[in-house]
Amino acid sequence: MEHATKRSARPGARTIAVALLAGIAVLLLLFPASGIVPQPPECYSVFGYTVPCDGRLGVVAGAATAGLVGVALWMYDRRPSRWGR
């Protein structure tokens with residue numbers, strides 16, 4: 001006996017929270033936090049490794065990651081279950 005379950009068209013709070021955390025993590029990994037060495041220009045992340053000096057790259061990569069993770073988790077939650085979830 002199968003029951004038709006209504007799937008929400010909107011992502012849940014957990015999906016949104018996980019997607020935002022993933023985006024923030026990528027932003028922290030790529031955002032320049034300290035100094036520019038003049039020749040050649042070098043910037044360093046919060047964790048001390050070299051990153052591009054343009055901060056927009058970190059913002060764009062963080063937003064793209066959050067969007068992709070959000071869509072992937074939302075689609076995973078909407079897939080039909082074999083066990084009648």
Side-chain angles (χ1 to χ4, degrees):
M1 178 177 195
E2 292 191 28
H3 296 282
T5 58
K6 184 177 180 180
R7 303 276 181 193
S8 175
R10 294 180 4 179
R14 182 180 58 185
T15 299
I16 294 170
V18 170
L20 288 176
L21 285 174
I24 290 170
V26 169
L27 177 66
L28 285 176
L29 289 172
L30 289 177
F31 201 76
S34 66
I36 296 175
V37 177
Q39 290 297 329
E42 282 187 359
C43 294
Y44 298 96
S45 76
V46 175
F47 302 108
Y49 54 87
T50 306
V51 294
C53 290
D54 188 13
R56 291 178 291 185
L57 177 65
V59 173
V60 169
T65 301
L68 289 173
V69 168
V71 167
L73 288 175
W74 180 57
M75 291 179 71
Y76 179 78
D77 285 344
R78 291 182 47 89
R79 77 186 197 309
S81 177
R82 291 176 30 190
W83 284 268
R85 183 176 119 184

Exercise: identify the closest heavy-atom pair between Ala22 and Val69: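 Smallest heavy-atom distance, with atoms named: CB-CG2, 4.0 Å.
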Might you point out which heavy atoms bring Pro32 and Cys43 nearest each other, and give the distance in Å?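 Of all heavy-atom pairs spanning Pro32 and Cys43, the closest is CB-CB, 3.8 Å.
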Value rounded to 0.5 Å, distance of [atom1] in [X] from [atom2] in [Y]:
X     : Y     : atom1 : atom2 : answer
Leu30 : Tyr49 : CG    : OH    : 6.0 Å
Ile24 : Leu29 : CD1   : CG    : 12.0 Å
Leu73 : Leu68 : CG    : CG    : 11.0 Å
Thr15 : Leu20 : OG1   : CG    : 11.0 Å

Does any part of the side chain of Tyr44, heavy atoms only, come nearer than 4.5 Å to the side chain of Thr50, both counted from C-beta?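 Yes, side chains in contact.
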